[in-house]
Each structure stands twice: as structure tokens, then as C-alpha cells.
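The basis for the numbers below is simple: all heavy atoms, side chains too, and nothing from hydrogens, waters or symmetry mates.
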Amino acid sequence: MFGERRKIPLRSAALFIGDIFCISAALVGAAYLRLGSELGTQYLSDNQTSLILSLLLYLLVFYVGGLYERQIMTRKGGIVLPTFICVSVSLVLIMVLFYTSMHLLIGRGVLFLAGVFAFLSVSGLRYLYRAVAGYSFFVKNALIVGDGKDAASIIRLIHQAGEPSHRLLGVVTHAKTASGELLERVPVIGHIDTLRDLVRHYRIETLIVATSLAREPKLLKILRPLRYHGIEILDYASFYELIAEEIPLNHIDDEWLLHAAMNSSRIHIRKIKRIMDVTAAFLGLIISWPIWLLTAVAIRLDSKGPILYRQRRAGLDGQPYTVLKFRTMYSGAEAESGAVWALKHDNRITRVGRFLRKSRIDEIPQLVNVLRGQMSLVGPRPERPEFIDQLA
């Protein structure tokens, strides 16, 4: 097993081939519906390059957007939104590519209809695939590596999950626990010395490590080649966050923080992230200008004061900057009280402000902060310096 190349999962291959058919049918169907039989045939013949590039862009965005990942298929209701986002991003990329080049052309009417058809067919394909295969088809075979209370906690977490994403087949221990013993009704099936054989025998896809690798250097040497050959390895905190959708604070230590920081600190990742921030913020500002206009009028009619609200926040490495938001409170609301935490029923908030906060429209001006490099679209929430001092 470990001397072979990692094979493409049958699920991903089937969905990929199905997507090729769905997107191709969407493009062809949009051309005929928009232009009719004769003109549609001529259109498809004249724009083969554009249509093929469109197909490739769709597939690329679907891959990057995770539409071939197991998590998309196992979450109930988790298909429509990711598919819609991927189709929308694909349409934007196609428009940027084609309308900035004089040699490539695809009609806007055909493009829009193809996007609608692609969204319906691609999401429908995944629902059909899941209905035929069932949820259990997408469940990963998993082993727990470790013992004690952390291993027991993971077992309980898996058992409590409504739609389990992992099929727990046993526990592999680094202690002297005898094989055949039960831990929370799950059998101990071996020692870490036999881990590679166990992974091969049980066709394991995920190893959940319920012990500190820093204290188990021997285990780290065993896990490394498994990871290189495609086995997913999750520590306690990462698995807990994946299943419970929250971080276990009692397991956040220097080792975890260092590992979490390493991925985002790589230079090429920071550069790609910045390019994405600038592109998305620029497009967002262009698309949202009607919202800016309507919001400005509503704020001005509702209460006296400026349209935009400026507030000091702490950014990367604690560097202060001024965040921009649409004003949602009465002008001078904090003149006497100073900085205070937001309340559920805050009488400082205007009528328009309540709607802006509920709909998150008040956050749109922060796209300017993103363009300036003071914020990122994805990252921790920047807090006010006063509250940071209080929390510290």
C-alpha cells in the first residue's frame, strides 16, 4: 500500500466526469435556448475555444472550492450553497477573462443561462449521487491513536454526532493495554508498533491522534510516512473542532498555536491571500455601490450625524488602525459612557442601524480597509484596543 501511488477516489472521479457532462450540457442548452437551433449550432461552432475554456474554468473552481470533497457530500443541506458560490465565482472569472480579451467571446445571455443550468445540474448530480450511495458511503474509516481521557472523549464525540463522518474501527495504544480490551465500547486492536499494518488491513483513511506528538517522538516517525501516502492525520483539537465546530480551549497550547501559525505564515500563502483580498474587495466595492447609495440616504434620513463611523481597532501584531463602518448608533452615543460591549437591546442603535447590523450591511465599508491592507477577508475579528487590554 505504502509503495503505491495514491489513487483518485472513485467518488471524486465519478463526480468529475458527471460535472463535465453537466457543464457541457448547460453551455449547449443555453446556446440553443437563447439563439434557437440554427443560430445556436453556428454559435457553438464559432466559439469552441471560449466554451472549452469555460468548461475548464468551472472544473478548476469546483476543485478549488471543494465540491469533490467528502465533507460537501456528508453535510445535510451542505450542497446548495457551496455549489452556488463556485458557479458564481466561475461566472466572474469567465467574464473577467473573456471581456478583457478581444480574441475570446461568449454572449452574456448564454453565459447567464449556462450558469443557472450548471448550478441546477451540478447540485442535482450531487443530491442524486448521495441518494444512490447513501450517507454511509462517504464515511471514513478511522482509528484513534492514544489512550486515556482524550481517546475516550473523542469516542463519545463520534458517537454523539448525528451523522457521523468517521467510522471508528478501533483504538491503537502506545501503552501496555492488551488488545481486545474495550475503551468506551470500542476495542483496542493493537500497539503503535503495528500501526502501518493495521492501517493497511482496515483500509484506514483517517488517524485521530489523542496524545501529544511532542512527548511521543517514536509515534511521529511512524505517522510521517503514513501522512506522505495520503492518510489524513488529525490531532485532538483539530478533530474536535471539525466535529463539534468549536475549539477545545483546554487543549490550546504552544504546540497547537505554533502548528496553526505555520500554515498562514508561509510567504507564498500570504501573497496569494493578499491577491485574493484585493480582487474580492475591489469587485465587492463595484458591485455594492447601489447599496452604499441607498444606505447613505437611509442613515441621513433616520438620524443626524455622519454616514460612516470610524473606530480604532487592533490589527495584525496589535497595530492600531481606523475601521470604517456605516453608522448604526446615534451620533455621540459613546461620548459619556466610553467604550462598552454591545448589548442585545442597545438603545444607542438607530432604527436603520438595527437593520444594517442584522443584515451585516454596516460591515461593507470595511472592504476599503481590506484594500488598504489593514484587514483581510478571512481572519480573526479585529477588536478594540480598550477591550483587548481588559481581556488581557
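- Using a distance-only test at 3.5 Å, with no hydrogens or angles considered, no donor-acceptor pair links the side chain of D302 to the main chain of A298.
- N47 CG to S54 OG: the interatomic distance, rounded to the nearest 0.5 Å, is 9.5 Å.
- Linking Ile, Leu, Val, Met, Phe, Trp and Tyr whenever their side-chain heavy atoms come within less than 4.5 Å leaves I299 and M329 in two separate clusters.
- With a 4.5 Å cut-off on side-chain heavy atoms, R224 and L220 count as touching.
- A26 and A114 make their closest contact through CB-O, 3.6 Å (heavy atoms, listed as atom of the first residue, atom of the second, distance).
- Using a distance-only test at 3.5 Å, with no hydrogens or angles considered, a donor-acceptor pair links the side chain of T194 to the main chain of H191.
- Listed by first and then second residue, the salt bridge (charged side-chain N to carboxylate O under 4.0 Å, His left out) pairs involving residues 361-375 are K325-D362, K325-E363 (not counting sequence neighbours).
- Closest of all the heavy-atom pairs between I204 and L198 is CG1-O, 4.1 Å.
- Partners of R312 by side chain to side chain donor-acceptor pair (under 3.5 Å), not counting sequence neighbours, listed by chain and number: T322.
- A donor and an acceptor atom, one from each side chain of R327 and T350, are nowhere located under 3.5 Å apart.
- Enclosure of atom OH in Y321 by more than 12 non-hydrogen atoms of other residues, nucleotides or ligands within 6.0 angstrom is indicated.
- Between the side chain of S24 and the backbone N or O of F21, no donor-acceptor pair lies under 3.5 Å.
- Within the cation-pi definition used here (under 6.0 Å to the ring centroid, within 45° of the axis), R357 does not qualify as a partner of F326.
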CA sep, side-chain torsions, deciding dist, call: V188, L182, side chain to side chain contact (heavy atoms under 4.5 Å, CB included):
CA-CA 6 Å; V188 176; L182 297 179; over 6 Å; no

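- Interatomic distance, CG of L55 versus CD1 of I23, reported as 5.5 Å (0.5 Å rounding).
- Two residues are said to be in side-chain contact when any heavy atoms from C-beta on lie closer than 4.5 Å; L27 and F117 fail this criterion.
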Passes side chain to side chain contact (heavy atoms under 4.5 Å, CB included), Y58 versus D19? Steps please.
CA-CA 9 Å; Y58 270 112; D19 285 345; over 6 Å; no

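- Across every non-hydrogen atom of G305 and S331, the tightest pair is CA-CB, 4.1 Å.
- Under a hydrophobic-cluster definition in which Ile, Leu, Val, Met, Phe, Trp and Tyr are linked whenever side-chain heavy atoms come within less than 4.5 Å, directly or via other members, V92 and L367 are assigned to different clusters.
- Atom OG of S359 and atom CZ of R354 lie 13.5 Å apart (nearest 0.5 Å).
- L157 CG to L168 CG: the interatomic distance, rounded to the nearest 0.5 Å, is 11.0 Å.
- P382 is listed as a side-chain neighbour of M375, based on a closest heavy-atom distance under 4.5 Å.
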What verdict does the side chain to side chain contact (heavy atoms under 4.5 Å, CB included) test give for I94 and L111, after you've listed the backbone C-alpha separation in whole Å, the side-chain angles of each residue and the deciding distance to 0.1 Å?
CA-CA 9 Å; I94 291 171; L111 180 63; 3.7 Å; yes

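- Note that CD1 of I17 is 12.0 Å distant from SG of C22, once rounded to the nearest 0.5 Å.
- L283 and L285 are not part of a single hydrophobic cluster, where members link through side-chain heavy atoms under 4.5 Å apart.
- Side chain of R203 to main chain of V199: no donor-acceptor pair is present (N/O by atom type, distance under 3.5 Å, no hydrogens or angles).
- Between V323 and R310 there is no side-chain heavy-atom pair separated by less than 4.5 Å.
- At a threshold of 4.5 Å between non-hydrogen side-chain atoms, the residues T328 and F355 do not count as touching.
- Nearest heavy-atom pair, I364 versus S288, reported as atom, atom and distance to 0.1 Å: CG2-OG, 3.7 Å.
- Side-chain polar atoms of Y309 and Q311 form a donor-acceptor pair below 3.5 angstrom.
- Connection of Y127 to V87 is established within a shared hydrophobic cluster, with ILVMFWY side chains joined at heavy-atom distances below 4.5 Å, either directly or through further cluster members.
- Side-chain contact, N141 with R167: a donor N or O sits under 3.5 Å from an acceptor N or O.
- Linking ILVMFWY side-chain heavy atoms closer than 4.5 Å, directly or via other members, places L377 and V61 in two distinct hydrophobic clusters.
- Under the side-chain contact (heavy atoms from CB on, under 4.5 Å) test applied with V209, the options L219, L143, I154, V172 reduce to a single match, L219.
- With S123 contributing its side chain and L120 its backbone, the two residues share a donor-acceptor pair below 3.5 Å.
- For the pair I307 and R300, the minimum side-chain heavy-atom distance is below 4.5 Å.
- L57 CG to S50 OG: the interatomic distance, rounded to the nearest 0.5 Å, is 11.0 Å.
- When all heavy atoms of L44 and Y32 are compared, the closest pair comes out as CD1-CE1, 3.9 Å.
- Between the side chain of D235 and the backbone N or O of I208, no donor-acceptor pair lies under 3.5 Å.
- A donor-acceptor contact shorter than 3.5 Å is absent between the side chain of S45 and the backbone of T41.
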Report the C-alpha distance between D150 and I144 in whole Å, list the side-chain angles of each, state the deciding distance to 0.1 Å, and finish with yes or no for side chain to side chain contact (heavy atoms under 4.5 Å, CB included).
CA-CA 10 Å; D150 284 350; I144 291 179; over 6 Å; no

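- A donor and an acceptor atom, one from each side chain of Y240 and S153, are nowhere located under 3.5 Å apart.
- Looking at I349 and Y330, their side chains never come closer than 4.5 Å, going by heavy atoms from C-beta outward.
- Remark: side-chain polar atoms of R126 are paired, donor with acceptor, to backbone N or O of L67 under 3.5 angstrom.
- Taking all atoms of both residues into account, the shortest heavy-atom contact from V186 to G170 is CG1-CA, 3.7 Å.
- The side-chain heavy atoms of L207 and L234, taken from C-beta on, include no pair separated by under 4.5 Å.
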